[in-house]
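Report on one structure; see the data block that follows.
Here the structure is a predicted model, which means the values were calculated and not measured. Index from 1, following the sequence. Only this structure's heavy atoms are used, side chains among them; waters, hydrogens and symmetry mates stay out.
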Amino acid sequence: MIKNKKINALLKALGHYTTFFLLVAFVITSCMTLFLNVLSKSLDITFTGENIALAAKLTFWNVILLSLIFTVLDAIRRKLTVDRPVKLISDAAEKMIQGDFNVRVPTVSKFVSDDKFNDIIRCINKMAEELSGVETLRTDFVANVSHELKTPLAVIQNYGTLLKAPDISDEKRIEYAKAITNASKRLSDMMTNILKLNRLENQQIYPKAESYDLGEQLCECLLQYENIWESRGIEIDTDLEEDITVSADSELLSLVWNNLFSNAFKFTEEGGRVSLSLSTEDGYAVVRVSDTGCGMTPEIGAHIFEKFYQGDSSHATSGNGLGLALVKRVVDITRGEIAVESTVGVGTTFTVKIRRENNELEEAR
């Protein structure tokens with residue numbers, strides 16, 4: 001293979017030399033012929049066969065020398081202006097093929113090479129950067145899924161082993177079975193959320209815009225948690241403007257409200273308060289869900305919409321870190337806005353803005 005490359009390189013160099021030889025021979029022969037004809041007519045000189053033969057030999061060797069010089073100069077030019085940048089790009093591409101997305105191609109000097117190569121290099125570097133981010137997300141996603149699966153599976157395995165004991169009481173048997181059921185439900189909820197998030201991110205779920213009363217939907221979603229707030233003595237405070245309609249996908253938005261309410265009740269201690277308000281601002285329906293829970297630091301708040309991120313480890317067993325990622329994706333799809341304000345020890349407020357007339361939903365389809 002190496003021998004074939006050398007032969008190909010030699011043939012390529014010979015081809016370049018031949019091209020320059022023919023070009024230089026044509027130019028010099030034409031110029032010399034014109035020069036001698038003008039000289040002969042101007043000075044009335046008659047050239048003999050010996051003179052012409054000597055001139056032809058000198059011209060021939062000049063053509064050979066000039067062709068060689070041009071070939072060498074062209075090879076150096078191509079080496080610096082074409083071969084070097086192409087090798088840099090091909091080496092980087094080869095590393096990316098092997099999975100190294102941290103590679104970056106240095107730009108070449110504009111005085112040495114065409115700046116078009118730098119345009120290609122910038123695109124290659126941008127692609128490597130994007131692929132690096134995607135690879136990081138993929139590995140993090142796999143690691144997080146593995147971690148989230150490990151805990152409930154360990155619970156199921158441990159309690160399943162305990163259930164095999166022949167001498168356990170009915171009370172313990174029911175307790176173990178309940179633990180297995182809860183762990184199974186957590187697994188099921190996580191798989192459901194992963195599938196929903198995957199479909200949303202791959203745009204396999206298309207929003208279907210319809211006009212409906214947002215206040216009614218919020219009340220229906222909130223009432224699903226009535227048993228929770230009554231059993232834990234949580235105070236409910238609502239301030240809903242009437243007759244606020246939105247043009248959006250009601251099924252997708254119900255995911256938003258259910259996840260926000262679920263988080264609010266999960267982090268609110270007994271005797272606390274959960275507040276819900278609905279108002280209009282500049283063509284938006286504005287929903288605020290507040291709680292008097294533990295709150296969170298700005299550092300945690302900056303990551304809460306990331307998949308599998310759980311800022312409060314004390315509640316890790318009651319969630320899988322996918323709810324707010326779903327919320328963010330749905331709000332983005334509906335061309336809405338979401339923000340969070342939180343103070344440690346005081347509570348958290350989520351603010352969601354939904355366009356009242358969301359014509360962009362149809363464009364998104």
Side-chain angles (χ1 to χ4, degrees), residues 1-27 63-145 194 197-206 302-303 305-309 325 328-329 331-333 335 337 360 363-365:
M1 185 175 180
I2 297 176
K3 185 177 179 180
N4 291 336
K5 287 184 177 180
K6 289 182 178 179
I7 293 175
N8 290 334
L10 182 62
L11 292 175
K12 189 175 182 180
L14 183 60
H16 289 154
Y17 179 80
T18 302
T19 301
F20 280 114
F21 179 84
L22 294 175
L23 179 62
V24 172
F26 174 77
V27 172
V63 168
I64 290 178
L65 179 61
L66 289 175
S67 299
L68 181 60
I69 293 173
F70 288 157
T71 301
V72 172
L73 292 177
D74 181 63
I76 296 173
R77 178 194 65 81
R78 283 186 292 102
K79 185 72 174 178
L80 295 176
T81 62
V82 179
D83 293 350
R84 181 174 176 271
V86 168
K87 188 176 187 305
L88 290 173
I89 293 172
S90 61
D91 288 346
E94 185 66 29
K95 289 181 179 178
M96 283 189 282
I97 290 173
Q98 295 173 1
D100 181 9
F101 300 118
N102 294 319
V103 63
R104 298 294 183 270
V105 185
T107 55
V108 293
S109 173
K110 297 180 181 179
F111 299 102
V112 175
S113 181
D114 191 342
D115 196 44
K116 294 296 182 182
F117 278 112
N118 284 333
D119 293 338
I120 298 174
I121 288 172
R122 281 188 284 271
C123 291
I124 292 289
N125 289 339
K126 182 65 176 177
M127 180 177 67
E129 183 180 348
E130 293 295 329
L131 288 173
S132 178
V134 170
E135 179 65 14
T136 300
L137 287 175
R138 185 188 68 81
T139 53
D140 287 348
F141 181 80
V142 172
N144 286 324
V145 169
I194 288 175
L197 191 57
N198 181 66
R199 294 179 65 191
L200 285 170
E201 291 184 338
N202 290 296
Q203 297 183 347
Q204 295 175 353
I205 296 179
Y206 298 99
H303 298 281
F305 295 114
E306 296 176 6
K307 286 176 287 203
F308 294 106
Y309 183 81
K328 183 66 168 63
R329 185 57 183 148
V331 172
D332 289 344
I333 287 177
R335 304 298 191 271
E337 301 175 12
E360 294 184 7
E363 296 178 9
R365 298 180 61 185

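Asp91 is linked by a side-chain hydrogen bond (donor to acceptor under 3.5 Å, both in side chains) to Lys87, counting only residues two or more places apart in sequence or in another chain. For Asp332, the side-chain hydrogen bond (donor to acceptor under 3.5 Å, both in side chains) partners at least two apart in sequence or on another chain are Lys328. By the side-chain contact (heavy atoms from CB on, under 4.5 Å) test, Ile64 is found to be paired with Tyr17, Phe21, Phe60, Trp61, residues two or more places apart in sequence or in another chain being considered. Arg122 meets the salt bridge (Lys or Arg N to Asp or Glu O under 4.0 Å) test with Asp119; sequence neighbours excluded. Remark: Thr18 engages Leu14, Leu22 in a side-chain contact (heavy atoms from CB on, under 4.5 Å) (not counting sequence neighbours).
For the atom pair Ser90 OG and Ile124 CD1, the distance stands at 10.0 Å (nearest 0.5 Å). Note that CG of Asp83 and CG of Leu88 are 11.0 Å apart. Values are rounded to the nearest 0.5 Å. In this structure, OG1 in Thr71 is found 10.5 Å from CG in Leu66, a value given to the nearest 0.5 Å.
Using a 4.5 Å heavy-atom threshold, the side chains of Leu23 and Thr19 count as separate.
Of the possible donor and acceptor atoms, one in the side chain of Arg335 sits under 3.5 Å from a partner among the backbone N and O of Ile333.
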Give every donor-acceptor pair under 3.5 Å between a side-chain atom in residues 96-106 and any protein atom, sequence neighbours left out.
{"residue": "Asp100", "atom": "OD1", "partner": "Asn102", "partner atom": "N", "Å": "3.1"}
{"residue": "Arg104", "atom": "NH1", "partner": "Phe101", "partner atom": "O", "Å": "3.0"}

